[in-house]
Amino acid sequence: MADSIFKKYLEKKNNLIKNRGILQATYVPEVLLHRDHQIGEIVDIIAPSLNKDKPSNILIIGQTGTGKTAVVNYVGHELEKADIESNNCRYIYVNCEVIDTPYSILYNISNQIITDPNKKIPFTGWSLEKIFNELAKYIDDEDRVFIIVLDEIDMSFKKNGDDIFYYLTTINEMLKKSRVSIIGITNNSTFAEKLLSPRIKSRLGEEKIIFPPYTPEQLIDILNNRIEYALYPDVIDNSVIPYCAAISAQGSGDARKALDLLRISADIAERNGDSIITSAHVDYARQKIELDAVVEVIKTLTEQSKIVLMSIIKTPSSNETGSVTTGDVYTTYIELSRNMGYNVLSQRMVANLISELDMLGIITARVKSFGRGGRTKEIDVNKVSNDVFFILSSDDIFRGVDFTFKPNKQTTLM
DNA sequence: CGTCCACTGGAATCAAGGGTCT
DNA sequence: AGACCCTTGATTCCAGTGGACG
C-alpha cells in the first residue's frame, strides 16, 4: 500500500493549535468581554417581548469588528432560551450585505417564518407587495413578538433606498395580534444622520446603541481569553498578543482583524514546524492577509472591472507624480477592450467602475481640479502595487492578450 | 474676478433574463 | 400564452463644480 499523499500531515501532529475554530471571527464565545454595557442595554430594551409587549426599535452603530453582530446574536439566543416555555417571541437575523435586494430580504425573512415547505415563497416572480402581505399574514398568525435583526443595513440602503425598511417598520399597522420590532445594525456612523430619511429615522432610531472600538488593552483581554482554549500552553511568545492588539487597534479597534492575525500567525508557525509563535510570524501573517484580500477582491471583479483596472495600470502617466486621469484611462480602455474583443462601455460607466475600484481599496483616486484643464479623478498608479498587476495579469481573461500596444501614440490616431 | 474645461455625481430609462400567476 | 414582477447591467441626460487661466 502506497503512502497517503497526506502522509506528512497525518504524521505531523498539531503541536500549537488545539482548536482553531475558536480563533475564527465567526465563533461566538460564551462570554463577550467588554460589552457588558451594550448587552445590558439591549436586554433592557427587548425584555418586554417576553411578555408579548413590543420593544422599541434599535439602531446599533459601530465599526467593523466591534462585536455588534456577536452581541446581538448572543442576546437573541439568550432571549430564545428565556422564552422557551411561554413562546412569546421569535428572533430573526438577516445579513443585508449578503441578502441585498428588497425582494431577497423579504423572501428571506418570510421563509424563516414559513415552515410548510409547500407554502415557501419562490425566490423570484412575486411582486414585493404580495410577499409583504403574505409575510404580514404569517407573522400575525403566530401571535408573537418578532425581533428582526437587519445586519449591515447600510449596504442594502445604499443600493436600494429605504423603502423596504420603511415597510418593515410600519408593518405593525397591519398586524392585529403580533408585533414586530427591528434591530438595525450599521458600521457607518454617518448612516443615522445623513442617509436615513426623516420618515424612517424616528422609527428605526427609537433607541441608539453605540459600539466603540476596542482599546488595545481590551483586545489583549479578548485574545488572551481565546488562546486559552485555542492553543496549547506555552506556545506563544509574550510579545505576540500585544503586537496583534496594537496592529488592530491603530486601525479601528477591530477584534476580527486581531483574531485573524493571531490565527494566521499560528497557522504559519505550525506549518513551518516552529515550536513557538513569535512576532515575526505576525508580520508574515499581516502581509499574507493583505495579499489575500487583494487576490480575493480581484477574483470577484466583473470582467469589465478587470479590464478597467488593467487599463489603469497600463495607462502611461503624463506627469511626474505618476498619476493618471479618467480621460487617459478611458482611451486606454477603449483600445484594450477592442483588442480583447469585448464591447466598449461608455465613459460614464468606466467612471463608475473606477469609483468602485477606489471604494474596494485596490486603487486610490480623488477628484482633482486642473482649473481650466477641467475636473477629473486623479488616480494614483504608484499605489497600485505590483501584486495587483501580477494577480490580474494571470487572470483567465487576459490570457494571450498582447500588452505591447502603445496607447499614448494610438490615441492620437483616432 | 469671471470664465470655462472635463469631467463628476445623481437620476431616469432601457433591455435582457430570471421567474410566477391565471 | 400573455401579463406581470424583480434584478442587473448598461445607457443617456443633465445640472454642478474646483480652481488655473486670462
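Residue numbers start from 1 in every chain, and the chains themselves are labelled A, B, ... in the order their sequence lines are given, proteins ahead of strands. Values reported hereafter were calculated over all heavy atoms of this structure, with side chains retained and with hydrogens, waters and symmetry mates removed.
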Give the table of side-chain donor-acceptor pairs shorter than 3.5 Å for residues 46-55 of chain A, with sequence neighbours excluded, one pair per line with atom names and distance.
from	atom 1	to	atom 2	distance (Å)
A/Ser49	OG	A/Ile46	O	2.6
A/Lys52	NZ	A/Asp143	OD1	3.4
A/Lys52	NZ	A/Asp143	OD2	3.3

Scan the side chains in residues 116-126 of chain A for donor-acceptor partners under 3.5 Å anywhere in the protein, sequence neighbours excluded, and list what turns up.
from	atom 1	to	atom 2	distance (Å)
A/Asp116	OD1	A/Asn118	N	2.9
A/Lys120	NZ	A/Asn111	O	2.9
A/Lys120	NZ	A/Ile114	O	3.0

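Nearest nucleotide to the A/Phe123 side chain, out of B/dC21, C/dT7, B/dG19: B/dG19. Residue A/Pro122 has its side chain nearest to B/dT20 when only B/dT20, C/dT12, C/dA10 are considered. Residue A/Ser127 places its side chain closer to C/dC6 than to any other of B/dG18, C/dC6, B/dT8. When each of B/dT20, C/dA10, B/dG2 is scored by its nearest atom to the side-chain atoms of A/Arg372, the top-ranked nucleotide is B/dG2. Picking from B/dG18, B/dC21, C/dT7 the nucleotide with the shortest atom distance to the side chain of A/Pro102 gives C/dT7. Taking the side chain of A/Val367 as heavy atoms from C-beta on, and the options B/dG9, B/dC21, B/dG18, the nearest nucleotide is B/dG9.
No donor-acceptor pair closer than 3.5 Å links the side chain of A/Glu97 to the backbone N or O of A/Met155. In this structure, the side chain of A/Arg263 engages the main chain of A/Leu23 through a donor-acceptor pair within 3.5 Å.
Within the nucleic acid shown, A/Ser346 comes within 4.0 Å of at least one base atom, counting heavy atoms only. Within 4.0 Å (heavy atoms only), A/Lys368 reaches no atom of the nucleic acid at all.
Between the CD atom of A/Glu356 and the P atom of B/dT8 there is a distance of 14 Å, given to the nearest Å. In this structure, the CZ atom of A/Arg366 is 13 Å from the P atom of C/dG19, given to the nearest Å. Rounded to whole Å, atom P of B/dC14 lies 17 Å from atom CE of A/Met349. Rounded to an integer number of Å, the gap from CD of A/Glu134 to C1' of B/dC21 is 14 Å.
Looking at which nucleotide of DNA chain B each of A/Lys377 and A/Phe370 is closest to, the 5′-most match is held by A/Phe370.
Relative to the six-membered ring of A/Tyr27, A/Arg20 misses at least one condition, a distance below 6.0 Å or an angle of at most 45° to the axis.
Taking only distance into account, the side chain of A/Arg348 meets the base of B/dG10 through a donor-acceptor pair shorter than 3.5 Å.
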